[in-house]
Structure formats: C-alpha cells, structure tokens
Amino acid sequence: MEHKMFCFQCEQTAGCSGCTGNAGVCGKSSATAALQDELTGALIGLAKACGNNPRTEDTTHILIEGLFTTITNVNFNDETLREMIAKVHAEKERVVPNCATCASPCGNTSDYDMKEIWEADEDIRSLKSLILFGIRGMAAYAYHAAVLGYEDETVNAFFYKALSFLGFDLEMGDLLPVVLEVGEVNLKCMELLDRANTETFGNPKPTKVPLTVEKGPFIIITGHDLYDLKLLLEQTKDKGINVYTHGEMLPAHAYPLLKQYPHLKGNFGTAWQNQQKEFDGVPAPILYTTNCLMPVKESYRDRVFTTEVVSYPLELGGYKEDTEFTGINGGKEVMTGFAHGTVLSVADQVVDAVKSGAIRHFFLVGGCDGARPGRNYYTEFVKQTPKDSVILTLACGKYRFNDLDLGEIGGLPRLMDMGQCNDAYSAIKVAVALAEAFGCSVNELPLSMVLSWYEQKAVCILLTLLHLGIQNIKLGPTLPAFISPNVLAYLVEHYHIAPITTPEADLKEILGA
C-alpha cells in the first residue's frame, strides 16, 4: 500500500518506525509533510547550485531559514511553506540565472526528490537522515545567533556541503565522516550561540523562578528566542502587563539584561508537550518564538501569536486573583542559571568536594521532553540518585524533575539547570574543565550522561558528543527509528551508546553497586 507520507524524524513517530498516514503524530498533515520534503529538495538544489557559482548576500540565510522551518513542531502552515519554497527557487534563479532556460539541463541544480533518501538502502537512508536531521537542528542555533548579529563562516559553509552530500549517490564510507562532521561543526555553532547570548544578555546567574501567576493581564512566551523575549519586554514595559516564560524560555530568567525587567515575573506551565492542557482556556495571549508548537485547540486559538519561522493557520485578559501553579512534582518554584560561567566560577569548590568524597558522581540528565509513555523514567532516575551525587540538567526534559528539592552538597545545589538544549555547550565546557583539573579524559570522569531525545536539535547535540569521543551515553526513551541496525552496531562498537532500561538497573550499572 502506498504511504500518504513518510516521516520518522522525531522520537514519537508512529509505531517507532515512521508516520505514514494522513497525519503525523506531531499533528502535521500528509500535505504539509510533502511540502516540507519539497522544501528540503529545493534547498539541496540551491546548495548544489552554489558549488560552482557564488552565493548572493541572502543565500545562506535562506538555507538556514528553510532548514529551521522543517524541524518538528515549527510550521504547520502550508501557505508559508509554499512561500518558503518559492523563496528558495527565486534565490536559485539569482545564483544560476541560466539554468532554467538551458537547452541541455544537467540536472545538478534541480530540486532533489526526497524519495531517493526515504526509499534508499536502509543504511544509506540512516546515515543521510542523521546528516539531514543534524543540520536541521544546527540551523536553529545558527538562526538564533544570526538574529543577534553573530555568524561563523565555517558553520555557514558546512550547510552547503552537507546538503550537497544528501543529493549525491554515496556509500556508507563516504557518509560516516560527514555524520561526525555534523557534530564537529555543531560544537562551533553552539559556541557561537553561547557567545551571542552571553555577550548580548550577560552571563546567566542562578535564579529562583516562581510558578505563581499574579492577578491582572499577562502574556506567555514560549520557545527559545531570547531576542524575541527582549522585544516583547520592551513593548510591554510600564503598561501593567506581566510576562511569563514557558518551556525552553525558562532559562531567560537567569540572564542579567532580561532580569532587569520587573514585569518578567515567572514561569507558566512545564514542557512543550503539555501546552494543549496548560493553555486550555488560559486568559492570556501566547507568543510562540520557535519550535515546540502543537496544533492549537479552539479554547485558545484566538490568543495564539507567532514570530519568525513559526506559523499556524485581542484583548488581554488575566486572572482576577493571584493563581498558584506547580511543577509536575508539586514544587512551587524552579531554579535556573547554572551555565558554564557559574559552575566554573566555583570549580575549585567542586574539585575539592570530589577529592574529599563529598561528591561521588555527576549525572547529566537532560534533553527533550515528550508525551510518549516511559519518560517518567527520568523523574524516577533523578529521585533515586544517591545524595552524594550532582545532577546537571538542560532542555525541556528537566521539567520532569526540576521542581524537586534535592538538597545541597557543600553549599552547592544537587540539581543544577544549565539552560536550553543549545546550552549542552555549557555542559561540555564544564566536563572538559573538570577533566583538565583532574588530569584525565572526560570519559574517565565520574560523569554519566543519561539523555532523552525528541527532535532534531537533540540529534545534532548527540552527534557533537560522539565527535568529542564521549562514551557510554544512555539514550531514551526509545532509540531513533532512523538508525539502522548496522549504524547502531557501529555506534555501540565505537561509542558504547546504549538504550535506557530501568532507573534501578542503570544506576546499579553506572555506580557499580
């Protein structure tokens, strides 16, 4: 039977193998999926057109914007997808103006048919998927950095190379190095975005964030784009309107420049997949700045606003009294701001705690959250970690446990939120610094990574960790459907990557107890 669509780029794909019906698990229709494939094929054609022809001043931005548009939960709007495809075609015409009228077309710059990937040998499909999904995630980081005026030519050039490789007929041996190169370049991209954020908004500081919504008009802002939040805060300044973050916007409270706005009050709700329940009937507008957009329910459709590439086909309200909300474990406040600047400022304290035996082990427990059953594993894992261990966390996976009070070790909180998914760069910097302090490799540290994944930004971060040679990563709640048995065997052999099992068994294996 012919599939109406094929998509397996997110963790919740149907049957852990691929969405093939009228709509994907994320809510996008088969028509939208086809347009996203068409857009990706057009981007490959544009990248190949630049192989022997100079780009214009707009080409790179269009490539990055187009890749960002195809990330899971960014764009459900067929009209804006068609507009993006037209923009890519118009740019290609600027780059190679004579191709469209060529009497003997070579086909090199033609739009690529994505079925050539989806219907390829499973190992080739797997490796090309890792490349494609990795650069989609990386494009989101490059996009946010560019908004703040920061770019890196090495990062930009790699988008052309990776897209072109997708359109070539290559063997596994040709594709494997490019897969790892995605991780290498993404490290540069995360470093770029970290610099853009810290030089623009200041170094994050540990900050307690309340979960209570004060009475009166308010706006909820969700997503990842800190610059959009700053614009919103400027526009609402001195107007009696409070602003509350949601999801991956929580770490914004830790940046000094953003903390200066007194009407940035707190955090509303938890992770992205709970928005349909949490936003149901909420008396306030919701501004979506990046991915994590779910199909909108009628009860709040008239209050949804989007910026940048986010798209979906007012009167301010508010609560009459202060309204108390909690995290999923009942906590009334959460804490963020433990980026690399903060943690490394007390590096001596951390090293001494390890040497004295006060800290036995570090766990990095973080990544994307999602709705598929099994993610309560991460809550239970954190609850069961020994009291002489420290949990570093980042991305929206932290909402499973970030309202827990785990106490302190030597004045340091046992649970440290390092920020958004891109702040995996902070975790990497801390790990490298600790390894240098102890005169060992990162893999020799008392550090274990227990990660959850959902979409493409998690893919590029995983590839960065592999590029750095990080071993023994535990990944869940399921392994990616696009990793073929042979590719998985390669990852197991070279990096000892493994699926999560149970909190009890995994902790016993990690701690040897």
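The model shown is predicted, which means the values in this text are computed figures rather than measured ones.
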### Query
Under 30°, 30 to 60°, or over 60°: which ring-plane class applies to His246 and Phe279, parallel, tilted or perpendicular?
tilted

### Query
Are the side chain of His340 and the backbone N or O of Ala427 linked by a donor-acceptor pair below 3.5 Å?
no

If only side-chain N and O atoms count, and only distance matters, is there a donor-acceptor pair under 3.5 Å linking [Y] with [X]?
X	Y	value
Lys474	Ser448	no
Thr245	Asn267	yes
Ser299	Asp280	yes
Arg400	Thr270	no
His224	Lys457	yes
His144	Asp225	yes
Asn402	Asp417	no
Gln275	Thr222	no
Tyr255	Asn203	no
Arg414	Ser389	yes

Are [X] and [Y] packed together at the side-chain level, in the sense that at least one heavy-atom pair is separated by less than 4.5 angstrom?
X	Y	value
Tyr377	Asp506	yes
Val209	Glu333	no
Met416	Met335	no
Lys230	Leu257	yes
Lys332	Thr212	no
Ile470	Leu466	no

#### Entry: Trace of the side-chain contact (heavy atoms from CB on, under 4.5 Å) decision for Val450 with Tyr378
CA-CA 8 Å; Val450 184; Tyr378 297 93; 4.1 Å; yes

Could you tell me whether [X] and [Y] have their ring centroids closer than 6.0 angstrom?
X	Y	answer
Phe363	Phe381	yes
Tyr288	Phe305	no
Phe201	Tyr227	no
Phe6	Phe8	yes
His467	Tyr495	no

## Note on the structure
Between Ala252 and Leu229, the two heavy atoms sitting closest are CB-CD2, 3.3 Å

### Task
Return the minimal non-hydrogen interatomic distance between Thr32 and Asn75, and the atom names on each side.
CG2-O, 3.9 Å

### Task
Would you sort out whether Leu180 and Leu463 count as a side-chain contact (heavy atoms from CB on, under 4.5 Å), showing the intermediate values?
CA-CA 6 Å; Leu180 293 178; Leu463 294 179; 5.6 Å; no

Should the pair [X]-[Y] be classified as a salt bridge under the 4.0 Å nitrogen-to-oxygen rule?
X	Y	value
Glu455	Arg136	no
Glu191	Lys188	no
Lys265	Glu214	yes

### Query
Val390 and Ile409: side-chain contact (heavy atoms from CB on, under 4.5 Å), yes or no, with the steps?
CA-CA 8 Å; Val390 169; Ile409 298 178; 4.2 Å; yes

